[in-house]
Amino acid sequence: MNADVAVENTSAIALWNDPTAPASARVDALIDAMTLEEKTAQLFGVWVGASDEGGEVAPHQHEMEEPVDLDALLPTGLGQLTRPFGTVPVDPALGALSLARTQARIAATNRFGIPALAHDECLAGFAAWGATAYPVPLSWGAAFDPALVREMAEAIGRDMRSVGVHQGLAPVLDVVRDARWGRVEETIGEDPYLVGTIGTAYVQGLESAGIVATLKHFAGYSASRAGRNLAPTSMGPRERADVLLPPFEMAIREGGARSVMNAYTDTDGVPSAADEALLTGLLRDTWDFDGTVVADYFAIAFLKTLHGVAADWADAAGTALRAGIDVELPNVKTYGAPLTEAVADGRVPEALVDRAVRRVLTQKVALGLLDPDWNPLPAALDATDEDDPSALRGRIDLDGPANRTLARTLAEQAIVLLSNDGTLPLDRPRRIALIGPNADEPTAVLGCYSFPQHIGVRHPDTPLGIELPTLRETLAAEFPDTEITYARGTGVDDGDLSGLPEATRLAREADVTLVVLGDRAGLFGRGTSGEGCDVATLALPGAQQQLLDALLDVETPVVTVLLAGRPYALGRAVGESAAIVQSFFPGEEGTRAIAGVLAGRVNPSGRLPVSVPRGPGSQPGAYLGAPLAHASEVSSIDPTPAFAFGHGLSYTRFEWTDLAVEAQEAPTDGEFALSLTVCNTGERSGTEVVQLYLHDPVASVVQPVQRLIGYSRLALEPREARRLRITIPADLASFTGRDGRRVVEPGELELRLSASSADPRLTARVTLTGAERHVDHTRRLHATILQDQTT
């Protein structure tokens, strides 16, 4: 159909609206009918906020962008609505009505009746007012439980879909390389296999609920110099291929993610938003990804304003489009008039626009947005609800009992007991001195992308929307017969020492002191953890270390509790605290989970997803390092952590025995089979996390001393034993060789069955034989770990 011919109004539906036709035919017919302006309109979003009165959304007035005129934009269509729920506080039911009314207007205004695709943040739960605030991704990593993370993500996706949202901007698959980076709380950990398996489970859950999962940030964001946000990235192609890319590869191949978001950073002078080799060559041509690539907010404009690789907005648009970015977010800046003009005068081929719009429309077809029975009202509403919007308030509950149960279960599994001299669990103490800036702070459990910390702080007169009991409150409920005295001691980062005398006095009068330290999540310097909240060292913020040391000087046993977004050096506490309990922003049920661990109602089973440093200045200290990255006699700096990746204690004991190796040798296209027995030798039920590491002592390029290639949570009753049978394909020994191809080399290997990266329990020495073998993205990615029946 000629683009100049208006769509005919006949009784027969157009091909693009025919759900019985192949998606490709529907999309081709629609593109053929569209003008250039109508095609580019599908390639950008508009940042909006839903109305708390149920009216249409209003464009968000963002400080980085000019105001948007919806009346002028909508006749040619609109690709996306940016964060309708994550911009201002809005009752979920009224927000759903507001979004539905806007979608009806969008569809009615453009010639083809195409609604927008609505996206929102969901990093640690749907970032909407009143929605469940789950533990942050670093806690997902600490749980080592993909199945539970998948269940959580499915619940998040159902809540988003119920109010009309189509796409979620999560998960973050960046691998931690320097814990000073403010966004560590948003990551899953410092190991690519842990990040990949947990992140893939999240994608599977979100996608199973009908939400388009968006992988971010592709690729290299977390490897910035000195842990500074949006700083240049210094890494070679091998580090990128073997550390930073595998989680994305796994989430696309096994998770079915339908969208990818570019990273802000540049690598060796090439910004990700302009990297055609990355966004097209690798992502699409090699990995066969067929979804959409969306720009991180303002990233296309940054090609001009920050990176200096584009002369003007049209140049930025053409560069990003050529690289492979299909959708400009959050607002229209370059993919509107500048792109249209550049196509019209021949600077940008229209074929690139067609390529991007085809991907966008294919996704809209898959979501049912072009079907003749499409209804703008989401599942949670019906047609009668439009008659009386005021009656809707409170109708939709995004924080129901099932959500809270999930949030609490994950929070409990994610708490890591770092050390314990037997003081924990507490045995009905007469008096507890509760000290610290996070002991009586409701939001101390939340990360920076939770709604209260991300948006709510700008609306102080609006209620939080969810219940956030403080640790002081949950301890009072957990220990009803114990006198709990409280002192703040100092602030999170104010450096105030005036409260130390009162804190130490209460400690002297108590049977045990609980000191609750850590972070305040925020954005761009408004917190001590979160986006743009990078730090120079890993010392505790403010005067918290001085408070901790003052309490350690008192003879009363000190239990150190951390509510934080990154690991911190704890100084004397490593050796002098009676116990250390680490949690990473555990969400709205987090303080109940911590109280349960302190009381013994919950047996801790979390394991560190990031190493805890011994000193504040020895970073970067990830376990995943080559021999030269570890302690040596030729440097006065010892980067050995205080607590290693994978570490975590329990209130029971486990014994690992009877390692058996079926064959000591296997070809480079074969596999090894191991088995071992794990027994709970203690007096209470508990969970062990069996971790499998690979050590390659001789390789053609330098390898990490060891790397995680498998793990399994093992729940055991007292005196119960289980036999684990593990099959390890040779593909897991592959790495990027000198010629840039992934290779499996013959030679000796060590397979270490460990309780942490620093605690190997059993080691199998095996040998790969035969010819060197090249593998690609179709290689096997996992060991198979089976648990036999109770023995």
Side-chain angles (χ1 to χ4, degrees), residues 144 146 191-194 196-197 200 238 241-243 245-247 249-250 253-254 623-624 626-627 646 656-678 689-714 722-757 759-788:
F144 275 75
D191 178 87
Y193 186 76
L194 179 66
T197 50
T200 296
R238 190 165 290 103
D242 289 354
V243 178
L245 292 178
E249 184 180 6
M250 189 182 295
R253 177 176 158 189
E254 298 182 347
Y623 93 95
L624 195 69
W656 304 29
T657 59
D658 302 327
L659 174 64
V661 184
E662 286 190 10
Q664 302 292 134
E665 295 185 353
T668 53
D669 61 353
E671 59 188 27
F672 298 103
L674 315 176
S675 58
L676 73 153
T677 297
V678 179
V689 179
V690 176
Q691 301 162 44
L692 175 63
Y693 294 87
L694 183 142
H695 167 62
D696 188 348
V698 180
S700 58
V701 298
V702 175
Q703 290 295 290
V705 171
Q706 61 182 341
R707 53 187 172 91
L708 185 72
I709 59 170
Y711 59 88
S712 182
R713 285 179 61 91
L714 192 61
R722 285 185 182 268
R723 188 77 177 162
L724 268 64
R725 302 189 182 277
I726 308 174
T727 302
I728 304 156
D731 288 9
L732 298 189
S734 68
F735 57 86
T736 301
R738 294 192 180 192
D739 64 358
R741 293 186 294 172
R742 184 170 287 275
V743 64
V744 180
E745 294 181 342
E748 296 182 355
L749 301 171
E750 285 186 8
L751 301 172
R752 300 171 177 175
L753 295 152
S754 307
S756 79
S757 60
D759 187 9
R761 299 294 177 85
L762 300 167
T763 299
R765 292 173 176 82
V766 296
T767 302
L768 286 171
T769 62
E772 180 177 284
R773 174 171 159 261
H774 289 100
V775 296
D776 58 19
H777 64 286
T778 63
R779 69 192 182 280
R780 296 169 69 180
L781 300 177
H782 305 282
T784 302
I785 304 179
L786 302 176
Q787 300 180 17
D788 282 359

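None of the values given here were measured: they were computed from a predicted structure.
By the 4.5 Å heavy-atom criterion applied to side chains, D731 and L781 are not counted as neighbours. R722 places none of its side-chain heavy atoms less than 4.5 Å from the side chain of V678. In this structure, the side chains of E748 and D696 stay at 4.5 Å or more apart for every pair of heavy atoms. Two residues are said to be in side-chain contact when any heavy atoms from C-beta on lie closer than 4.5 Å; V689 and L714 fail this criterion. Between L753 and L659, some side-chain heavy-atom pair lies under the 4.5 Å cut-off. Using a 4.5 Å heavy-atom cutoff, the side chains of V701 and T736 are not in contact.
In summary, the side chains of T197 and Y711 do present a donor paired with an acceptor at a separation below 3.5 Å, with no hydrogens or angles considered. Judged purely by distance below 3.5 Å, without hydrogens or angles, the side chains of Q706 and S757 never pair a donor atom with an acceptor atom. A side-chain donor-acceptor contact under 3.5 Å links S734 and R742. Side-chain contact of R761 with S754: a donor-acceptor pair under 3.5 Å is absent, judged by distance alone. Residues H782 and E254 bring a donor and an acceptor atom of their side chains to less than 3.5 Å of each other. A donor-acceptor pair shorter than 3.5 Å cannot be found between the side chains of R752 and T763.
Formation of a donor-acceptor pair under 3.5 Å by the R723 side chain with backbone atoms of D788 is not found in this model. Of the possible polar contacts, one joining the E745 side chain to the S700 backbone as a donor-acceptor pair under 3.5 Å is found. The main-chain N or O of L749 is never found under 3.5 Å from a side-chain atom of R765 such that the two would form a donor-acceptor pair.
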For T657 and L676: C-alpha separation, side-chain torsions, deciding distance, then whether side-chain contact (heavy atoms from CB on, under 4.5 Å) applies. CA-CA 6 Å; T657 59; L676 73 153; over 6 Å; no
Please determine whether side-chain contact (heavy atoms from CB on, under 4.5 Å) holds for the pair L194 and L708, giving the CA-CA distance in whole Å, both sets of side-chain angles, and the decisive distance to 0.1 Å. CA-CA 8 Å; L194 179 66; L708 185 72; 4.3 Å; yes
Run the side-chain hydrogen bond (donor to acceptor under 3.5 Å, both in side chains) check on S712 and Q787 step by step: do they pass? CA-CA 9 Å; S712 182; Q787 300 180 17; 3.2 Å; yes
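Here the CG atom belonging to D658 is positioned 4.5 Å from the OG1 atom belonging to T677, to the nearest 0.5 angstrom. A distance of 7.0 Å separates OH of Y693 from CG of D191, quoted to the nearest 0.5 Å. Taken from CD1 in I726 to CD1 in I785, the straight-line distance is 5.0 Å, to the nearest 0.5 Å. Taking CD1 of I709 as the reference point, atom OH of Y193 lies at 8.5 Å (rounded to 0.5 Å). R725 CZ to T784 OG1: the interatomic distance, rounded to the nearest 0.5 Å, is 13.5 Å.
Of all non-hydrogen atoms in A663 and V766, the two that sit nearest each other are O-CG1, 4.4 Å. In terms of heavy atoms, A730 sits closest to P667 at CB-O, 3.9 Å. Taking all atoms of both residues into account, the shortest heavy-atom contact from F672 to E665 is CE2-C, 3.8 Å. Between T668 and R773, the closest heavy-atom pair is O-NH1, 2.8 Å. Between A783 and L732, the shortest heavy-atom distance links the atoms N-CD1, 3.5 Å. Summarising the geometry of A241 relative to P246, their closest heavy-atom pair is O-CD, 3.3 Å, with the distance given to 0.1 Å.
Salt bridge E671/R780: present, at least one basic N to carboxylate O contact under 4.0 Å. With respect to D242 and R707, no salt bridge is recorded, no charged nitrogen being found less than 4.0 Å from a carboxylate O. In summary, E249 and R779 engage in a salt bridge, as defined by a charged side-chain N under 4.0 Å from a carboxylate O.
Atom CD of Q664 sits in a crowded spot, with more than 12 heavy atoms from other residues, nucleotides or ligands closer than 6.0 Å. Summarising the local packing, CD of E772 is surrounded by more than 12 heavy atoms from other residues, nucleotides or ligands at distances under 6.0 Å.
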